[in-house]
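Note that the coordinates shown come from a computational prediction; the quantities given were computed from them, not determined experimentally.
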Protein chains: 2
Amino acid sequence: MAHSLDTVFAALADPTRRRILGMLLEDDMAVTDVAEPFEMSLAAISKHLTVLTAAGLISQEKRGRVKWCRLEPDALRDASVWMQGFGQFEPVNLDAFERFLESELPGGEKGPSE
Amino acid sequence: MAHSLDTVFAALADPTRRRILGMLLEDDMAVTDVAEPFEMSLAAISKHLTVLTAAGLISQEKRGRVKWCRLEPDALRDASVWMQGFGQFEPVNLDAFERFLESELPGGEKGPSE
DNA sequence: CCTATCGTCAACCGATAGGTTGAATATGGA
DNA sequence: TCCATATTCAACCTATCGGTTGACGATAGG
């Protein structure tokens with residue numbers, strides 16, 4: 001384990017990558033489908049997915065010609081532990097979390113996957 | 001509030017900056033004292049402190065000719081909430097946190113401030 | 001077999017990150 | 001007043017980041 005905090009935090013620093021993680025929270029997705037809502041090339045998304053994989057935040061499995069991306073939330077645990085060391089933050093507040101997810105969407109659009 | 005997740009995570013992605021935060025956990029410090037244990041110029045540390053300040057992770061107050069740096073752990077709350085949205089991580093485990101702090105020190109040395 | 005689709009690779013680009021050095025700007029103290 | 005200390009500024013350098021485009025390999029399907 002122990003994908004370094006360096007790579008985990010660096011991966012999380014990019015809004016595109018955070019948005020991808022949010023999308024994968026709903027479901028596993030193929031690379032092409034991950035890319036669809038973004039106004040950027042498939043190659044760029046492919047690179048982002050590589051970064052997320054390197055950080056351990058997602059895993060990718062190729063079935064046929066489709067590569068499926070799965071969220072690996074456990075990779076966040078180390079980083080979470082590190083952050084918690086700086087203070088007791090209020091217990092998990094999913095409403096606040098959802099506000100974040102929405103505030104990071106571009107157009108005001110909501111649904112990422114269809 | 002709402003220093004962006006971009007800036008907070010980007011600030012946390014650098015090991016020097018995480019180590020500085022760990023040092024400030026023990027006590028407020030002057031810039032020069034923050035810089036002392038690092039093998040890097042004072043100007044470089046000053047830049048790191050600027051990044052941490054911009055992210056809201058620390059505050060700096062000038063008293064006399066000395067600029068004091070104080071940890072602002074609240075800035076981590078938003079990021080923490082975001083991460084918690086991906087999973088319920090085990091309740092605050094300070095032992096694990098201390099292992100991180102130590103594993104990020106360079107030589108095996110422990111005490112940062114004296 | 002031929003072709004369309006899925007995804008990556010390679011080369012390139014501009015912008016930013018993280019470091020250096022040397023000069024500049026306070027401020028404190030003798 | 002003069003000097004040392006504390007910190008930042010400005011210019012510079014190199015490496016990496018995030019994006020592009022076009023070619024490529026692999027697989028699915030008619």
Its dot-bracket string being built from Watson-Crick and G-U pairs below 3.5 Å, with | for another strand and [ ] for crossing, DNA chain D has the pattern ||||||||||||||||||||||||.|||||

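Side chains of Arg19(B) and Thr16(B) form no contact here, defined as non-hydrogen atoms less than 4.5 Å apart. Looking at Pro37(A) and Met23(A), their side chains come closer than 4.5 Å, going by heavy atoms from C-beta outward.
When Leu52(A), Val34(A), Val51(A) are each tested for a side-chain contact (heavy atoms from CB on, under 4.5 Å) with Ile58(A), only one passes: Leu52(A). When Leu21(B), Val8(B), Leu76(B) are each tested for a side-chain contact (heavy atoms from CB on, under 4.5 Å) with Met83(A), only one passes: Leu76(B).
Spacing between atom NZ of Lys67(A) and atom C1' of dA26(D) amounts to 12 Å, rounded to whole angstrom units. Rounding to whole angstrom units, CZ of residue Arg65(B) and C1' of dC3(D) are separated by 10 Å.
For the pair Arg18(A) and Phe9(B), the cation does not sit on the ring face, since its NZ or CZ is not both under 6.0 Å from the ring centre and inside 45° of the axis.
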Quick test: give all pairs of protein nitrogen or oxygen and nucleotides 16-19 of chain D nitrogen or oxygen below 3.5 Å, distance rounded to 0.1 Å.
residue, atom, partner, partner atom, Å
dG18(D), OP1, Arg17(A), NH2, 3.2
dG18(D), OP2, Arg17(A), NH1, 3.1
dG19(D), OP2, His48(A), NE2, 2.1
dG19(D), N7, Lys47(A), NZ, 3.2
dG19(D), O6, Lys47(A), NZ, 2.4

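Using a distance-only test at 3.5 Å, with no hydrogens or angles considered, no donor-acceptor pair links the side chain of Arg70(B) to the main chain of Ser59(B). No donor-acceptor pair under 3.5 Å is formed between the side chain of Arg17(B) and the backbone N or O of Leu12(B).
Running 5' to 3' along DNA chain C, contacts with non-hydrogen atoms of chain B at under 4.0 Å begin and end at dG18(C) to dG28(C).
Both Leu42(A) and Leu49(B) lie near DNA chain D, and the one whose nearest nucleotide falls closer to the 5' end is Leu49(B).
A sub-4.0 Å separation between OP1 or OP2 of dT8(D) and a side-chain N or O of Ser46(B) is present.
Counted by atom type alone, Thr53(A) and Thr50(A) present zero donor-acceptor pairs between their side chains at under 3.5 Å.
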CA sep, side-chain torsions, deciding dist, call: Gln60(A), Val31(A), side-chain contact (heavy atoms from CB on, under 4.5 Å) | CA-CA 9 Å; Gln60(A) 295 181 284; Val31(A) 173; 4.0 Å; yes

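Each of Leu71(A) and Val66(A) belongs to its own hydrophobic cluster when Ile, Leu, Val, Met, Phe, Trp and Tyr are linked at side-chain heavy-atom distances under 4.5 angstrom.
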